[in-house]
Amino acid sequence: MSIPSDTIVALGTPFGTSAIAVVRASGPLAAELVRKIFGGSSQPRTIRRADYRDARGLVVDDVLFTYFAAPNSFTGEAMLEISCHGNPFIAQKILEDLVGRGCRPAEAGEFSKRAFLNGRLDLSQAEAVMDLIHARSEQALAAANQQLRGALGRQMNILISQLVKVLSHIEAYIDFPDEDLPPEDRLVVVRELEGLQASTSRLLATSHYGELLRAGIKTVILGEPNAGKSSLLNRLVGRERALVSSEPGTTRDYLEEYVIFGPYFFRFVDTAGLNPAPGPLEKRSMEMTLEQADNADIYLWVIDSTCPLPSLPLALAPRMTPANTIAVFNKIDLPSAKRGPLPQAFPDVSISALNGAGLEALQATVTKLAESFQVKIGEEIIAINTRHAHSLEQARVCLASAKDNLEQNDFSELVASNLRAALDAYGQIAGKIDNEQVLDKLFASFCIGK
Amino acid sequence: MSCNPAIGGLAKGQMVREIDALGGEMAINTDVTGIQFRLLNKSKGPAVQSPRAQCDKKAYQFRLKHTLELQPNLQVFQATVTGMIYSHGRVVGCRTSLDVDFIGRTVVITTGTFLRGLMHVGQSKNEGGRLGDFSAKTLSASLLEAGIELKRLKTGTPPRILGRSINFAGLQEQKGDIEPTLFAFHDTRDPGDMFHVESTGERRLGWKPGSEQVSCWLTHTTPASERIVRENLHKSAMYSGEIAGVGPRYCPSIEDKFVRFADKARHLLFLEPEGRNTNEYYINGLSTSLPFDVQVDLVHTIPGLEAAVILRPAYAVEYDFAIPTQMYPSLESRKAENLFLAGQINGTSGYEEAAAQGLVAGVNAVLKVRGEPPLVIQRHEAYIGVLIDDLVTKGTTEPYRMFTSRAEHRLLFNHGSSELRLYDHAKKHKLLSDNRLERVAKKANRITHWEIYLETSKSVGGSWAESIRCDKSTAALPAEFSAEPKEVREEVLYRVTYRGYLEREQRQIEKMKDVEKIRIPASLDFLGIPGLRRESAQKLHQLRPQNLGQASRISGVNPTDISILMVLLAARRNAPAR
Ligand SMILES: Cc1cc2nc3c(=O)[nH]c(=O)nc-3n(C[C@H](O)[C@H](O)[C@H](O)COP(=O)(O)OP(=O)(O)OC[C@H]3O[C@@H](n4cnc5c(N)ncnc54)[C@H](O)[C@@H]3O)c2cc1C
Ligand SMILES: Nc1nc2c(ncn2[C@@H]2O[C@H](COP(=O)(O)OP(=O)(O)O)[C@@H](O)[C@H]2O)c(=O)[nH]1
Ligand SMILES: [Mg+2]
């Protein structure tokens with residue numbers, strides 16, 4: 001039996017928040033991945049600890065990894081197992097990075113299937129493997145169907161029917177040169193492709209690990225020195241991340257941490273205090289704070305409740321609105337000062353970073369704000385998964401090549417070749433698209449036949 | 001020929017060259033009897049350029065008949081076949097109307113449109129497969145008896161008119177190419193090989209292929225034509241519900257054209273001569289099932305045909321076809337062993353589609369007698385492979401015609417590469433003479449040599465290949481290359497210029513090959529496989545694919561089902577060893 005020669009990847013642990021997540025890759029690329037991601041070669045079957053560096057060289061997480069040489073692995077192929085922190089978004093980022101390096105998201109039960117085909121499981125397990133493929137695919141199918149019945153399916157159907165239409169036009173001029181067709185207008189096709197590219201990109205942006213969520217929802221913690229910003233970050237993260245000190249101006253730089261509340265992924269940024277009268281050194285820190293704050297999605301304005309209400313720096317005031325800002329009154333374990341009215345109707349929460357009081361309310365308020373950041377397409381909420389994104393990315397590349405073909409006046413059959421590849425990529429999400437559909441569209445739109 | 005004596009065109013032209021690469025006669029016959037040759041799609045790339053020829057209808061027919069008569073080991077006999085002779089579920093011969101039975105190990109049926117053929121001209125109906133021909137009635141019953149399921153299809157043909165009565169002044173002339181693209185591979189043949197019928201001395205080659213071409217003429221419908229059609233729609237056999245069979249969408253009747261594309265002011269028509277020794281013209285584009293008197297009025301509304309005389313009216317024909325998914329890829333019936341079906345009886349339409357199947361069915365009928373495995377051409381090898389795979393795995397609901405867009409690997413199917421693509425099959429089954437096989441192999445070697453050379457040796461800036469791909473100019477190539485025959489140069493340049501695209505096709509093929517190789521035993525009970533979705537199991541049970549590749553192309557069968565089958569088949573294969 002010949003075995004597929006590509007390298008597959010999948011999450012080895014159920015998706016969700018658990019202490020650790022295991023990402024597995026199986027196939028010929030495994031050794032190369034070890035070299036490229038962790039540097040150096042790896043001893044098979046030894047657990048090593050290293051930073052996982054993505055394709056751009058940025059550290060994603062501190063992980064444990066094990067390399068298995070073929071045939072001494074679960075699947076019988078070369079394998080790489082990576083244990084990262086249980087944050088599903090870290091696991092997603094790793095998966096995404098592996099796909100970017102040439103791996104393919106595995107199909108349901110594919111690891112077991114490979115194990116079986118490589119003789120790693122014995123015959124009596126064949127049925128178990130088949131059941132597993134069946135069950136996994138049912139789950140996946142149920143999930144996918146739910147999406148396909150919903151907004152994603154509607155979007156895909158629109159994309160597919162547009163692409164089928166474009167392709168059928170191109171095909172008409174290829175297959176029926178002797179017919180009395182209206183003159184071929186490539187500019188119209190270019191415009192339609194641009195539309196498709198834009199829609200594909202928009203859909204791609206809704207990916208769970210797409211732009212917004214890839215980076216997390218950027219939430220900047222700001223406030224006066226000593227208000228308790230670093231203490232709050234440590235509370236949110238659940239461990240000592242930032243240095244806390246009663247000495248104002250301890251945080252000179254900014255710090256970021258990724259945290260999940262419910263379905264959302266946040267990137268919290270702790271900043272240096274906003275000192276109304278900064279010294280020369282603080283001036284630089286303040287500039288950095290403003291820079292960070294400039295493109296934030298959410299602001300947590302930490303206010304020391306034992307002091308009178310400070311004013312907001314002029315540079316930030318116009319950007320902070322009730323839709324993106326939460327006023328966090330800290331240190332409620334201490335007697336509070338008399339509180340004046342807020343400059344705007346920000347939602348407010350009272351907490352103690354010291355003892356954790358009010359933290360749940362804060363989380364709830366932050367989550368509520370995050371909902372408004374979900375990408376919406378035509379009023380429908382769509383979030384696509386890794387496999388979908390992989391296919392959409394392929395489609396996007398092919399559409400771009402087809403457009404290049406047209407602009408460079410290449411032969412129509414080359415345009416068609418790229419468009420078919422794009423259609424296949426869409427088909428990986430919505431189900432196989434038969435040539436027949438293109439012909440149907442062609443005969444419906446042109447009077448063809450002598 | 002039932003209809004217009006035109007051979008080739010998009011995808012079909014490639015198919016004729018593929019037939020030539022497998023030793024078929026169609027290409028040579030077209031080259032010798034062609035009266036006009038045109039290469040279509042000259043403004044597009046090599047993959048979708050296709051030769052087309054207008055033939056002399058009678059000359060085509062007579063030369064082919066003569067070829068058959070001269071063929072050693074072939075006995076020709078004429079009679080109407082009335083039924084198959086079955087024994088224990090197998091076909092062992094056939095009966096004829098002359099009460100002469102033929103006994104044989106295998107039988108190939110190619111009855112075209114004759115099975116219960118019914119011709120319509122308006123409300124008038126005549127039994128027959130073609131104007132002036134009979135209708136085969138009892139044969140349908142005999143096939144049903146074996147459990148072969150039949151369905152109805154329909155096709156039509158336009159009126160023929162007298163050339164003398166056409167006013168050509170003011171019509172646009174369409175000439176043949178000055179340098180015709182012929183169908184047969186002349187470069188790998190000896191002249192004796194080429195004109196084998198002529199070289200016996202029994203037949204003279206009256207003219208040089210491609211010379212003295214005749215012209216076709218372009219005209220169109222007018223508002224008056226549309227009015228006549230609309231006013232008489234209720235008399236059309238197709239529109240009055242007389243016809244039950246499904247017609248092809250790519251060959252609509254003039255009624256269909258006016259009704260379905262009402263916004264189109266006029267429809268193009270081609271006047272095509274039927275031969276050198278006849279004054280008969282074919283009005284390509286005007287197929288109809290309107291009554292004869294309406295046809296006369298209709299024809300007279302067309303510029304140039306104001307006084308045209310109709311020699312034969314247009315008509316539609318309805319006929320039985322055998323649902324093609326009841327065959328193996330060898331074209332042997334699953335229902336009756338040793339029975340092979342080819343041509344329009346399998347739901348196709350077109351001379352080339354029929355010829356391709358005839359060739360494959362013929363080869364396989366012989367291989368079956370010899371007890372050897374059949375010739376099965378894969379989808380990635382040739383249009384012939386796409387044709388047969390589509391028929392046996394998907395079936396068809398309208399008369400099936402080949403289009404380039406049906407082939408997923410169209411870019412590999414440039415007509416010039418047919419001989420190279422099919423060489424292994426031709427060699428394995430000795431379909432070409434040793435001499436020709438050797439020449440094809442040599443040609444393939446030259447091509448590979450130059451491909452590598454251009455890819456690896458340096459010219460200014462980079463390799464030759466890079467500069468070809470970059471500025472698409474071939475002006476500065478080595479002199480030795482320019483000295484190669486045109487066929488070699490064209491293929492090399494095609495492969496080099498489109499390397500990126502062709503490699504993508506190859507990668508897809510490699511992916512598919514693995515599953516294509518996994519055979520599904522005939523005994524496998526799809527309905528009893530745990531985990532397989534019910535819908536898929538039923539489809540698989542019904543269509544009985546022979547390998548996993550085929551299974552994966554069946555609509556409704558998804559990758560999970562294929563995974564499950566893969567595991568199951570591996571388990572079964574390993575089972576006896578343990
Ligand atoms: C009206 C019409 C118009 C067409 N127009 C075109 C066109 O423009 N271009 C094109 O490419 N194709 C055209 N076609 C289709 C094309 O003619 C057929 O697809 C092709 O010829 C089929 O080839 P075949 O060998 O299967 O059958 P046919 O060419 O139909 O040959 C069948 C042969 O079998 C013989 N036969 C049938 N029954 C029996 C029997 N019981 N016993 C003995 N002999 C029998 C018949 O006499 C006939 O010679 C047209 C077909 C029709 C009917
Ligand atoms: N009592 C009390 N002290 C706090 C609370 N939050 C922070 N502090 C103290 O306030 C000081 C400044 O805290 P820090 O987090 O460094 O403030 P930052 O400058 O805003 O980052 C430290 O001494 C903290 O222990 C709180 O909720 N209650
Ligand atoms: Mg701080």
Side-chain angles (χ1 to χ4, degrees), chain A residues 1-6 107-110 112-113 116-117 119 122-123 125-127 129-138 140-141 167-168 171 173-180 410-414 416-418 420-421 424 431-432 434-436 438-440 442-444 446-450, chain B residues 4 9-11 40-41 43-45 47-48 52 220 248-252 256-257 260-261 264 266-270 284-285 287 394 403-408 410-411 498 501 504-505 510-511 513-514 517-518 529-533 555 558-560 563-564 566-568 570-571 573-575 578:
Chain A
M1 168 96 31
S2 51
I3 292 303
S5 57
D6 50 358
E107 277 159 27
E110 205 174 358
S112 302
K113 177 179 116 185
F116 176 76
L117 295 179
D122 82 36
L123 202 54
Q125 286 167 300
E127 271 202 15
V129 173
M130 283 161 58
D131 280 347
L132 182 93
I133 295 174
H134 178 66
R136 286 270 166 84
S137 79
E138 286 296 294
L141 206 68
L167 183 57
S168 73
E171 296 286 3
Y173 292 90
I174 294 176
D175 262 328
F176 302 96
D178 255 6
E179 297 283 343
D180 185 25
D410 285 339
F411 292 133
S412 308
E413 69 274 23
L414 304 180
S417 167
N418 280 315
R420 285 169 174 216
D424 280 347
K432 196 169 146 50
D434 207 79
N435 290 345
E436 208 61 34
V438 177
L439 285 175
D440 286 345
L442 194 159
F443 292 125
F446 292 107
C447 177
I448 272 173
K450 296 197 279 192
Chain B
N4 181 20
L10 264 286
L40 304 186
N41 265 346
S43 65
K44 300 197 169 67
V48 295
R52 180 187 193 269
H220 53 82
R249 287 172 301 177
Y250 50 83
C251 205
D256 263 346
K257 288 186 191 176
R260 288 188 41 226
F261 296 91
K264 212 170 161 192
R266 60 191 217 182
H267 297 276
L268 210 56
L269 302 172
F270 294 76
N284 201 344
S287 100
K394 294 196 216 154
F403 301 110
T404 69
S405 51
R406 292 198 195 267
E408 29 293 276
R410 163 169 74 189
L411 292 182
Y498 300 105
Y501 289 92
R504 173 161 77 189
E505 302 289 331
E510 286 309 315
K511 259 197 200 158
K513 260 188 188 163
D514 291 333
K517 268 186 242 150
I518 301 173
I529 298 173
L532 216 54
R533 283 174 320 126
S555 70
N558 66 23
T560 308
S563 277
I564 289 176
M566 199 187 259
V567 169
L568 178 91
R573 204 175 6 259
N574 295 339
R578 285 175 191 249

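Below, all heavy atoms of this structure are taken into account, side chains as well, without hydrogens, waters or symmetry copies. The model shown is predicted, which means the values in this text are computed figures rather than measured ones.
The nearest pair of heavy atoms linking B:F270 to A:D178 is CZ-O, 3.5 Å. Minimum interatomic distance between B:R266 and A:D180 (heavy atoms only, all atoms of both residues): O-OD2, 3.9 Å.
The contact between B:K44 and chain A is made by backbone and side chain atoms together, counting heavy-atom distances below 4.5 Å. Heavy-atom distances place the side chain of B:R504, and not its backbone, under 4.5 Å from chain A. Contact of B:E510 with chain A is not made at all, since no heavy-atom distance falls under 4.5 Å. For a residue to count as touching a neighbouring chain, one of its non-hydrogen atoms must lie under 4.5 Å from one of that chain's; by this rule A:L167 does not touch chain B. In this structure, chain A has heavy atoms under 4.5 Å from both the backbone and the side chain of B:F403. Proximity to chain B (any heavy atom under 4.5 Å) is shown, for A:E413, by both the backbone and the side chain.
For the pair B:K257 (side chain) and B:G285 (backbone), a donor-acceptor distance under 3.5 Å is present. Looking only at distances, a side-chain donor or acceptor of B:N41 sits under 3.5 Å from a matching main-chain atom of A:I174.
B:A407 is linked by a side-chain contact (heavy atoms from CB on, under 4.5 Å) to B:Y383, B:V386, B:R410, B:F413, counting only residues two or more places apart in sequence or in another chain. Remark: B:R260 engages B:D256 in a side-chain contact (heavy atoms from CB on, under 4.5 Å) (not counting sequence neighbours).
Comparing B:L269, B:L411, B:T404, B:L40 by how many heavy-atom pairs each has under 4.5 Å with chain A, the most go to B:T404.
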